[in-house]
Amino acid sequence: MSLKIGIVGATGMVGAEFLDTLERRRFPVGELLVFSSGKTKKSVVFRGRRLDAPAVSIPALCSCDLVFFAGADEISKKLAPQLVQKGVWVIDDSSAFRLDSRVPLVIPEANAKALAREKRLIAGPNCTMTGLAVAAAALQKEGGIKEVRISSYQSVSGAGRDALAEFFGQAQDDACRLKFSASGRAPIFSEKPARFLPGKISGNVIPQVGIFDPAGNSSEEIKVAAELRKVLNAPFLRVSVTAVRVPVVRTHCLAAWIVFRRPFSVQKAARLLKKAPGIKFYKGPSYPTPLSCAGKYPVSVGRLRQGLGKSELCLWVVSDNLLKGAALNSVQIAEELLRRGWLKA
Ligand SMILES: NC(=O)c1ccc[n+]([C@@H]2O[C@H](COP(=O)([O-])OP(=O)(O)OC[C@H]3O[C@@H](n4cnc5c(N)ncnc54)[C@H](OP(=O)(O)O)[C@@H]3O)[C@@H](O)[C@H]2O)c1
């Protein structure tokens, strides 16, 4: 069986991971149509062949069996409903439909049951909460989760290609000044305005991801909480988030404190996390980092320990925002549709 697949935003960072993931996982792609903004002439390489990536064309997209969206919210909002009406399956990595009650928001390890044959528009989650949702779902069945507190350490690639290019430029400027002064004093770098993030990220840590609401919560913090509730099917879950951007290229990290409805031992949690699909569990003193997890498929969980009481666990979750946080998760959804026989050539 081979399918006609489309990728909107194929020339972006998530798009590049789609091409690699579809190829590596031998997804049955018969024909691939790739699209960009069309502002400049672009192409991509898939299975060793160069493919032109023109601006989106609705007739071409409507001829596909499945289209992955990795462009921007407005593009998904405009095009996805039209494709679904024509019977095309759509898996959208933008945030356009994630909180729409008619659209399943799916992380296969956590809530594949949310998929429905008649719901051809499926949303992929925010890259920040994906890893934690996989780990929390593995524990939720045993413990019933009451409350989650999260501090995130989010890489710059999560903010898109322009933000990452700006970070590279800042880091190169800083690199030549990385030396002790004659007196042995450590260099002091000054803050500078930036175009794509709230401030200079090289050598810095910025506790703002998105824009703030009147109560002082950032849009990212609000999204993470709402999406976690939706994926875990726990509408009353208490979630508190502080989202922070760090000068890391790819892979998001989260420190999380999970409070359960009953006592939950570290030993029992370790047993569940070890056997949970999609998780690489680090026991003892070892732990995952962005550098050890970048480009890898599993969600990595470490630093598991008891929290303030017997019902609270602390953990450290690391996952690649461009893979499990976007392209890989979407390809896994498509694989699930194939397994169920819903997606057919
Ligand atoms: N970065 C992440 O970690 C991450 C994680 C989860 C979800 N997402 C979501 O995935 C999407 C892509 O993110 P990204 O980081 O890959 O962004 P990116 O690197 O900036 O790439 C954006 C892509 O969208 C295309 N595009 C821009 N305007 C377009 C238009 N009007 N019509 C069609 N295509 C257009 C771009 O084409 P050109 O090359 O021609 O500019 C490019 O292929 C976003 O919705 C983002 O929220 C990102």
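Just so you know, ligand 1 is whichever comes first in the structure, and atom 1 is the first atom listed for that ligand. The analysis underlying the following values was restricted to heavy atoms, covering all of them including side chains, and did not include hydrogens, waters or symmetry mates.
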- Task: May I ask you to check whether Y282 and Y287 place their ring centres under 6.0 Å from each other?
- Result: no
- Task: Select one of side chain, backbone, both or neither to describe which atoms of K42 lie under 4.0 Å from any atom of ligand 1, heavy atoms only.
- Result: side chain
- Note on the structure: Residues L3 and K344: closest non-hydrogen pair is CD2-C, 3.6 Å
- Message: At less than 4.0 angstrom from any non-hydrogen atom of C127, what atoms of ligand 1 do you find?
- Response: 3 (O), 5 (C), 6 (C)
- Return the option from D73, T11, T128, I7 holding the heavy atom at the smallest distance from atom 39 (O) of ligand 1. T11
- Query: At what distance is the nearest protein heavy atom to atom 16 (O) of ligand 1, and which residue and atom is it?
  - Reply: V14 N, 2.8 Å
- S95 contact mode with ligand 1 (heavy-atom cut-off under 4.0 Å): neither
- The closest protein heavy-atom partner of atom 27 (C) of ligand 1 is S37 CB, 3.9 Å
- I75 and ligand 1 - part of the residue with a heavy-atom distance under 4.0 Å: side chain
- Inspect the contact between E74 and K77 and indicate whether a charged nitrogen and a carboxylate oxygen are less than 4.0 angstrom apart. no
- Charged N to carboxylate O below 4.0 Å: is that the case for R250 and E17? yes
- When you check the side-chain N and O atoms of R50 and S43, is any donor under 3.5 Å from an acceptor? yes
- Message: What protein heavy atom lies closest to atom 1 (N) of ligand 1? Include the residue and the distance to one decimal.
- Response: S157 O, 3.0 Å
- Message: Quick check on contacts: which atoms of ligand 1 are under 4.0 angstrom from a heavy atom of L322?
- Response: 1 (N), 2 (C), 3 (O)
- Query: atom 9 (C) of ligand 1: which protein heavy atom is closest, and how many Å away?
  - Reply: D93 O, 3.3 Å
- What is the nearest protein non-hydrogen atom to atom 3 (O) of ligand 1, stated with its residue, atom name and distance? N321 ND2, 2.8 Å
- So the atoms of ligand 1 within less than 4.0 Å of a heavy atom of G325 turn out to be 5 (C), 6 (C)
- For M13, atoms of ligand 1 separated by under 4.0 Å from a heavy atom: 15 (O), 16 (O), 19 (O)
- Message: Can you name the atoms of ligand 1, numbered from 1 with element, that are less than 4.0 Å from a heavy atom of S94?
- Response: 45 (O)
- Is the shortest side-chain N to carboxylate O distance from E109 to K324 below 4.0 Å? yes
- Message: Check E221 with K223, please: is the shortest side-chain N to carboxylate O separation under 4.0 Å?
- Response: no
- Item | Nearest candidate to atom 22 (C) of ligand 1, where distance is taken over non-hydrogen atoms, out of G160, A72, A70, A53 | A70
- Query: Going by the order shown, which atoms of ligand 1 are within less than 4.0 Å of some heavy atom of G9?
  - Reply: 23 (C), 24 (O), 25 (C), 43 (O)
- Just checking, K283 and F281: is the charged tip under 6.0 Å from the six-membered ring centre and within 45° of the axis? no
- Numbering the atoms of ligand 1 from 1, which are under 4.0 Å from a heavy atom of A326? 5 (C), 6 (C)
- Query: Is it true that K268 and E142 make a salt bridge, defined as a side-chain N closer than 4.0 Å to a carboxylate O?
  - Reply: yes
- Note on the structure: The closest protein heavy-atom partner of atom 33 (C) of ligand 1 is S36 O, 3.4 Å
- Run down the list A163, P125, G71 and name the one with the heavy atom closest to atom 45 (O) of ligand 1. G71
- Non-hydrogen atom of K39 closer than 4.0 Å to ligand 1: no
- Query: For residues Q154 and T128, is any side-chain donor paired with an opposing acceptor at under 3.5 Å?
  - Reply: yes
- Sidechain N-carboxylate O distance under 4.0 Å for D92, R98: no
- For atom 21 (O) of ligand 1, which protein heavy atom lies nearest, and how many Å away is it? G12 CA, 3.2 Å
- Message: Using ring centroids (six-membered ring only for Trp), state whether F68 and W89 fall under 6.0 Å.
- Response: no
- Carboxylate-amine/guanidinium contact R245 E220, below 4.0 Å: no
- May I ask you to identify the nearest protein heavy atom to atom 41 (O) of ligand 1, giving residue, atom name and distance to one decimal place in Å? R161 NH2, 2.9 Å
